[in-house]
Amino acid sequence: MQWTLVIPLKPLARAKSRLSDTAADGVRPGLALAFAQDTVVAALACRAVADVAVVTDDVLAGRELAALGARIVPDAPRSGLNAALRHGADAVREIHPRAAVAALNADLPALRPLELSRVLDTAAEFPRAFLADAAALGTTLLAAAPGRELSPAFGTGSRARHRASGAAELGLAGVDSVRQDVDTGEDLRAALALGVGRHTAAVSAGLLIPGS
């Protein structure tokens with residue numbers, strides 16, 4: 001099964017506020033963009049991915065991610081993460097009504113194409129499925145088979161909400177790069193230990209990472 005990934009990205013100026021202990025106000029927008037760039041590069045290199053649609057109103061991010069091969073969908077609802085994901089999935093299926101769609105976080109700088117393929121191949125066995133994040137509280141990927149609504153419930157405690165919604169939880173081992181999103185300095189340290197993409201590596205090179 002070939003998937004279209006929907007990746008939401010808020011305006012860079014408001015992104016990654018919880019990294020304030022690691023990156024100054026002037027650095028965080030560039031770091032958020034780098035995370036998204038490395039996520040998109042890895043996603044497009046994944047054999048199970050046919051297309052990547054990034055939902056964003058940020059002009060710089062839109063330009064840079066489009067240059068990498070992503071399709072940019074304006075965030076018309078402007079009503080938060082889940083509204084953006086529903087809008088992105090609808091936009092994809094307006095063009096390809098039978099598309100298999102998966103929501104993917106934009107902050108997976110260590111993402112590995114082979115690990116993402118394993119997750120998506122396993123998700124294809126279910127009508128809806130999700131992968132919990134490294135903290136085992138949130139969600140980094142939510143997949144919906146053709147003909148199924150995505151029904152995203154991202155945000156604090158989304159693992160429990162997605163499970164309660166009937167989505168199958170994917171209990172895969174060895175897919176740490178798909179689980180490791182980055183919200184805090186500790187998360188960034190964990191991602192760097194896994195090995196991040198070149199954009200994140202370049203921006204984070206001069207940062208003092210907590211615990212490193």
Side-chain angles (χ1 to χ4, degrees), residues 1-11 14-15 35-36 39-40 42-44 46 48-58 61 65 70-108 111 115-172 175 177-183:
M1 185 181 292
Q2 290 285 294
W3 295 82
T4 295
L5 302 186
V6 179
I7 299 178
L9 182 63
K10 67 172 63 174
R14 295 193 284 108
F35 294 166
T39 300
V40 166
L44 286 170
C46 174
V49 174
D51 189 22
V52 171
V54 176
V55 183
T56 189
D57 276 340
D58 193 280
L65 297 175
R71 177 155 51 99
I72 306 303
V73 178
D75 183 7
R78 296 182 182 175
S79 297
L81 176 58
N82 291 308
L85 286 169
R86 289 190 294 269
H87 173 64
D90 288 346
V92 167
R93 285 178 168 166
E94 282 181 9
I95 301 171
H96 303 291
R98 296 292 299 170
V101 175
L104 183 71
N105 287 11
D107 57 353
L108 299 168
L111 186 63
E115 292 183 15
L116 179 58
S117 290
R118 286 189 59 215
V119 173
L120 291 171
D121 288 348
T122 305
E125 300 173 11
F126 304 94
R128 288 174 66 244
F130 73 96
L131 186 74
D133 63 10
L137 296 172
T139 304
T140 57
L141 181 142
L142 173 68
R148 299 286 182 159
E149 292 296 323
L150 188 61
S151 301
F154 284 82
T156 303
S158 65
R159 179 188 184 188
R161 287 196 301 277
H162 284 135
R163 187 190 296 127
S165 76
E169 181 168 1
L170 302 175
L172 291 170
V175 291
S177 77
V178 195
R179 296 185 186 273
Q180 189 58 67
D181 54 355
V182 177
D183 287 315

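Starting from 1, each residue takes its place in the sequence as its number. Note that the coordinates shown come from a computational prediction; the quantities given were computed from them, not determined experimentally.
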Restricting to side chain to side chain contact (heavy atoms under 4.5 Å, CB included), what partner residues turn up for Ala167, sequence neighbours left out? Arg128, Phe130, Leu142, Ser165

Over all atoms of both residues, closest heavy-atom pair of Ala61 and Leu9: CB-CD2, 3.6 Å

Shortest non-hydrogen contact from Val101 to Ala89? CG1-CB, 4.1 Å

side-chain contact (heavy atoms from CB on, under 4.5 Å) between Leu104 and Leu111, intermediate numbers included: CA-CA 11 Å; Leu104 183 71; Leu111 186 63; 4.1 Å; yes

Any pair with a residue in residues 78-106 that passes ring-ring contact (aromatic ring centres under 6.0 Å, His included), sequence neighbours left out, goes on the list, sorted by first then second residue, please. none

Those residues at least two apart in sequence (or on a different chain) that pass salt bridge (Lys or Arg N to Asp or Glu O under 4.0 Å) with Arg161 are none

Between Gly171 and Arg179, the two heavy atoms sitting closest are C-NH2, 4.2 Å

How far apart are the closest heavy atoms of Leu150 and Ala103, and which atoms are they? CD2-CB, 4.0 Å

Could you point out which residue of Leu120, Asp133, Asn105, Val175 forms a side-chain contact (heavy atoms from CB on, under 4.5 Å) with Leu141? Leu120

Non-hydrogen atoms of Ala144 and Arg93 that approach each other most closely: O-NH2, 3.5 Å

Would you check if the side chain of Asp57 reaches a backbone N or O of Asp75 as a donor-acceptor pair within less than 3.5 Å? yes

Taking side chain to side chain contact (heavy atoms under 4.5 Å, CB included) as the test, write out the residues that go with Ala160, two or more places apart. none

Residues passing the side chain to side chain contact (heavy atoms under 4.5 Å, CB included) test with Asp90, sequence neighbours excluded, are none

Spacing of Leu116 atom CG and Leu108 atom CG [to the nearest 0.5 Å]: 9.0 Å

What closest approach, in Å, do His162 and Thr139 show between heavy atoms, and which atom pair accounts for it? ND1-OG1, 3.0 Å

Is the number of heavy atoms from other residues, nucleotides or ligands within 6.0 Å of CD (Glu149) greater than 12? no

Side-chain contact test, heavy atoms from C-beta onward, threshold under 4.5 Å: evaluate it for Val92 versus Arg71 and give yes or no. yes

Ser79 (side chain) donor-acceptor with Pro77 (main chain) under 3.5 angstrom: yes

Residues at least two apart in sequence or cross-chain that pass side chain to side chain contact (heavy atoms under 4.5 Å, CB included) with Leu81, listed by chain then number, are Pro8, Leu85, Phe154

